[in-house]
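Take a look at the structure set out below.
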Number of protein chains: 4
Amino acid sequence: MKKKKVPSMVKDQQLIKKRREQMIKAAVILFKEKGFHRTTTREIAKESGFSIGTLYEYIGSKEDILYLVCDAIYDEVSEKLKKRLKQDVEGIDSLKAAIGALFKVIDDLQDEVLVMYQESKSLPKEALAYVLQKEIDMTAMIEHVIQDCVNLGHLNLSDQEVKLAAHNILVQAHMWTFRRWAVQKSYSLEEYIELQTQLILEGLLKE
Amino acid sequence: MKKKKVPSMVKDQQLIKKRREQMIKAAVILFKEKGFHRTTTREIAKESGFSIGTLYEYIGSKEDILYLVCDAIYDEVSEKLKKRLKQDVEGIDSLKAAIGALFKVIDDLQDEVLVMYQESKSLPKEALAYVLQKEIDMTAMIEHVIQDCVNLGHLNLSDQEVKLAAHNILVQAHMWTFRRWAVQKSYSLEEYIELQTQLILEGLLKE
Amino acid sequence: MKKKKVPSMVKDQQLIKKRREQMIKAAVILFKEKGFHRTTTREIAKESGFSIGTLYEYIGSKEDILYLVCDAIYDEVSEKLKKRLKQDVEGIDSLKAAIGALFKVIDDLQDEVLVMYQESKSLPKEALAYVLQKEIDMTAMIEHVIQDCVNLGHLNLSDQEVKLAAHNILVQAHMWTFRRWAVQKSYSLEEYIELQTQLILEGLLKE
Amino acid sequence: MKKKKVPSMVKDQQLIKKRREQMIKAAVILFKEKGFHRTTTREIAKESGFSIGTLYEYIGSKEDILYLVCDAIYDEVSEKLKKRLKQDVEGIDSLKAAIGALFKVIDDLQDEVLVMYQESKSLPKEALAYVLQKEIDMTAMIEHVIQDCVNLGHLNLSDQEVKLAAHNILVQAHMWTFRRWAVQKSYSLEEYIELQTQLILEGLLKE
DNA sequence: GATGAATGAGTCTTCATTCAT
DNA sequence: TATGAATGAAGACTCATTCAT
């Protein structure tokens with residue numbers, strides 16, 4: 001699954017990167033506020049700080065912006081997560097740490113994650129597949145942490161259970177954003193992490 | 001939170017009901033395929049089996065269709081769930097039954113639930129609030145089942161834990177549709193129910 | 001210039017007359033409020049007290065309603081004017097009386113006259129010609145009154161002057177409605193009649 | 001009463017002016033032929049020489065075009081009138097000159113004035129108030145000319161009479177367009193001016 | 001490279017009119 | 001005769017995209 005090439009009329013790679021970062025930042029703000037379809041390219045250009053003509057020097061179509069946004073968000077989540085996971089604990093504690101790290105990263109990038117959750121479905125087929133693969137990769141990251149616990153004999157789970165637990169953990173992290181209207185009203189982030197970690201671990205720590 | 005009144009030029013309530021059912025059915029098919037924004041009112045009319053003029057005899061705007069769709073889906077989920085829950089078991093078994101029932105209902109109405117998940121954000125503010133309330137109500141239903149177990153002394157959970165568990169159960173049910181590309185590839189519905197029920201219950205059955 | 005035949009599916013002439021009167025009354029109210037083009041046939045039917053289907057039993061098209069309205073207004077103005085003119089004065093006094101009568105009739109039928117002034121241009125060609133002819137006839141009525149004064153030697157005017165004076169009188173009467181925002185703020189009807197009569201007569205009473 | 005701001009997406013003020021002039025010219029032609037409501041925005045765009053998209057770069061709604069038209073006509077009438085009034089006569093002669101000037105200007109801008117007369121009622125409330133104010137201003141201009149004669153002792157009129165005479169003169173000028181089907185058949189412009197001037201002045205020159 | 005005016009296909013919505021009951 | 005549901009042509013307006021400067 002290769003990174004899709006977004007066409008640009010401009011040669012200077014440095015400039016391309018800079019302009020696209022401006023676009024992505026602007027797009028996240030606008031998409032969060034009004035969604036992908038209700039946001040116009042003109043608005044994105046304006047919020048980015050340049051003209052509509054310039055916008056189209058760096059992308060081929062409006063959908064490219066959405067793709068750029070989703071791709072950037074995944075990269076940022078991955079990167080931040082990896083940074084947080086560089087801890088030297090093992091076993092159950094490493095799983096606890098991973099859950100905590102994941103939840104915190106998602107909380108950190110709340111708006112971005114929410115946008116991705118709500119709008120990625122509007123991606124063209126191929127781009128969607130690429131983004132889905134990233135989600136699968138991320139699930140695999142969590143899976144590995146759990147599997148390590150199993151390998152160490154701290155958990156006793158089948159492969160199926162490992163995979164499902166990973167999905168659950170990821171979705172419970174996302175839930176923090178897409179059910180914010182309920183969960184963020186009832187719990188602080190710390191409480192949420194505490195409670196969810198407990199429920200998850202008890203679930204896995206069966207005989 | 002009152003049911004929003006969708007305007008109609010037609011007087012015959014029977015007919016309104018019938019036509020709107022046609023519209024909703026058509027809309028779900030189309031929204032699932034291309035999303036709310038990419039579906040035109042003309043397409044909905046055509047798929048419904050009548051003209052664009054007739055469509056607008058039964059609604060005030062395109063957004064009304066989305067509202068009608070979301071409202072109908074919730075009603076259907078609720079109704080089916082209530083029907084399945086009329087079992088005479090108690091305690092943990094009733095919770096198991098509820099989880100199974102919920103998951104089966106969601107599986108049954110997969111397309112509908114997916115559409116609602118992806119498009120309800122496009123509802124106008126007020127309608128969104130109404131739909132959100134329905135989601136809250138449904139969460140409360142699950143909460144009650146769990147609370148009953150607590151009251152019977154079969155579970156030992158704080159209110160916060162009860163509420164969170166209810167959210168988790170609901171989201172895990174929805175997950176079956178919005179992560180279908182992963183979970184439905186790895187598990188049959190029965191396996192999924194079995195495994196999730198286990199994970200949830202173990203999580204709740206702590207000392 | 002023949003009265004245009006407005007088609008009807010109904011035979012009973014009595015009923016046609018009754019229904020059309022209902023329609024005209026309703027239409028005047030609505031046209032005054034929002035103009036011919038912004039008034040829908042449905043609204044006219046509703047205001048008339050019957051269904052849209054019934055409306056079309058008594059006319060062939062929306063424009064027919066406008067024609068019916070204009071025609072009725074002219075007939076009413078004419079009739080009322082004739083009634084008021086049945087006075088047995090002669091010469092200048094009869095002209096004064098005519099002016100007063102005309103102004104009072106127009107004041108009486110203000111809304112109707114205004115509607116006719118503003119909307120008759122939307123009549124189809126042929127109907128417009130018919131209505132224009134009625135206006136010409138009415139001008140002729142005033143002309144005759146002036147001409148009588150000339151014939152009696154009380155005024156000394158050329159045919160051209162007689163005709164122009166008639167137009168002026170009529171337009172000054174209409175002015176009472178279509179410049180109401182100015183003239184009805186500055187003058188009472190009596191003042192207006194008094195002042196205009198004076199200006200007109202002084203104009204005609206030259207050596 | 002401020003000039004209403006018509007929105008435009010284009011920045012270049014020069015261009016806005018040019019394009020709007022094209023639009024106004026096109027609109028007058030079309031409105032005269034078929035009225036405001038029967039003229040489509042597409043037709044206006046085409047007659048203006050650009051696309052429908054471009055039209056909407058320079059206005060916010062169809063009604064804006066009507067407003068632009070009415071505003072432009074008033075400005076043109078005012079300007080032309082002021083130019084013609086720069087004569088160095090005094091007293092009754094200046095009034096005669098003013099009447100002649102007004103009538104000639106109206107004749108010059110016949111189509112425009114007629115359009116404004118027939119369509120301005122379709123303006124939205126606020127814009128209508130603005131246009132009415134312009135009409136009031138113009139009436140005041142005539143009033144001043146008459147009042148000067150009174151001040152010089154050449155006419156002996158009350159304020160009420162002065163105001164009413166001004167209204168009459170203006171309406172008689174407009175009459176030349178909105179009763180063209182009658183008056184322009186019977187009189188040449190010169191005759192019309194000659195006769196009306198006479199009738200008006202005799203009316204005012206009472207003892 | 002940057003700009004922004006121009007384009008026109010596409011969208012929602014209205015409403016005069018018809019016709020089966 | 002009366003009704004009102006059905007129709008679809010037509011209209012106002014939007015917005016992604018292009019291209020000359």
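Proteins come first, then strands; the chains are lettered A, B, ... in the order of their sequence lines, and each starts at number 1.
- Taking the charged nitrogens against the carboxylate oxygens, D/Arg38 and C/Glu63 do have a contact shorter than 4.0 Å, which makes a salt bridge.
- In this structure, E/dT14 forms a base pair with F/dA9, meeting either the Watson-Crick or the G-U wobble geometry with both donor-acceptor distances under 3.5 Å.
- Spacing between atom CD of A/Glu57 and atom P of F/dA20 amounts to 14 Å, rounded to whole angstrom units.
- Between A/Thr41 and F/dA16, a side-chain N or O to OP1/OP2 separation shorter than 4.0 Å is present.
- Atom-to-atom, NE2 of C/His37 to C1' of F/dA10 comes out at 14 Å; the value is rounded to the nearest Å.
- With distances taken from any side-chain atom of D/Ser51 to the nucleotides E/dT7, F/dA2, F/dC15, the minimum falls on E/dT7.
- To the nearest 0.5 angstrom, C/Met23 atom CE is 11.0 Å from C/Ile16 atom CD1.
- Between B/Phe50 and C/Asp12, the residue anchored nearer the 5' end of DNA chain F, judged by the nucleotide with its closest heavy atom, is C/Asp12.
- Separating the CZ atom of D/Phe36 from the C1' atom of F/dA12 is a distance of 11 Å, rounded to the nearest angstrom.
- When each of C/Leu15 and D/Gly60 is assigned the nucleotide of DNA chain F with its nearest heavy atom, C/Leu15 is the one assigned upstream, toward the 5' end.
- Contact annotation for B/Lys46: no contact, since no heavy-atom pair falls under 4.0 Å across all strands.
- Here F/dA16 is the nucleotide among F/dT14, F/dA16, E/dA16 with the atom lying nearest to any side-chain atom of A/Thr40.
- Between A/Phe50 and A/Tyr58, the angle of the ring planes lies from 30° to 60°, which puts this pair in the tilted group.
- Between E/dT7 and D/Thr54, a contact under 4.0 Å exists linking OP1 or OP2 to a side-chain N or O.
- At whole-Å resolution of the value, OH in B/Tyr58 and P in E/dT14 are 16 Å apart.
- The NZ atom of B/Lys11 sits 12 Å away from the C1' atom of F/dA2 (whole-angstrom rounding).
- For C/Lys62 and E/dT18, the NZ to C1' distance is 17 Å, given to the nearest whole Å.
- As judged by a 4.0 angstrom heavy-atom cut-off over every strand, D/Met9 is placed among residues touching the sugar-phosphate backbone only.
- Within the structure, every side-chain polar atom (N or O) of B/Tyr56 is placed at least 4.0 Å from both OP1 and OP2 of F/dA6.
- One interatomic measurement links the two molecules: CD of B/Gln22 to P of F/dA5, which rounds to 15 Å at whole-angstrom precision.
- Taking 4.0 angstrom as the limit, A/Arg19 places none of its side-chain polar atoms (N or O) nearer than this to OP1 or OP2 of E/dG1.
- Taking the nucleotide of DNA chain E with the nearest heavy atom to each of D/Leu55 and B/Ser61, the more 5' of the two is matched to D/Leu55.
- With salt bridges taken as basic N to acidic carboxylate O contacts below 4.0 Å, one links D/Glu57 and A/Arg42.
- A distance of 12.5 Å separates NZ in C/Lys17 from CG in C/Leu15, rounded to the nearest 0.5 Å.
- Contact of B/Arg42 with E/dT13 (side chain to base): a donor-acceptor pair of N or O atoms is detected under 3.5 Å.
- Here D/Ser8 lies out of heavy-atom contact (under 4.0 Å) with every strand.
- Taking atom CD1 on C/Ile59 and atom P on E/dT18, their separation rounds to 10 Å, with Å as the unit.
- Between B/Phe36 and B/Phe31, the two ring planes are perpendicular [angle over 60°; tilted spans 30° to 60°].
- Using N1 to N3 plus N6-O4 or O6-N4 for Watson-Crick, or N1-O2 and O6-N3 for G-U wobble, each under 3.5 Å, F/dA20 pairs with E/dT3.
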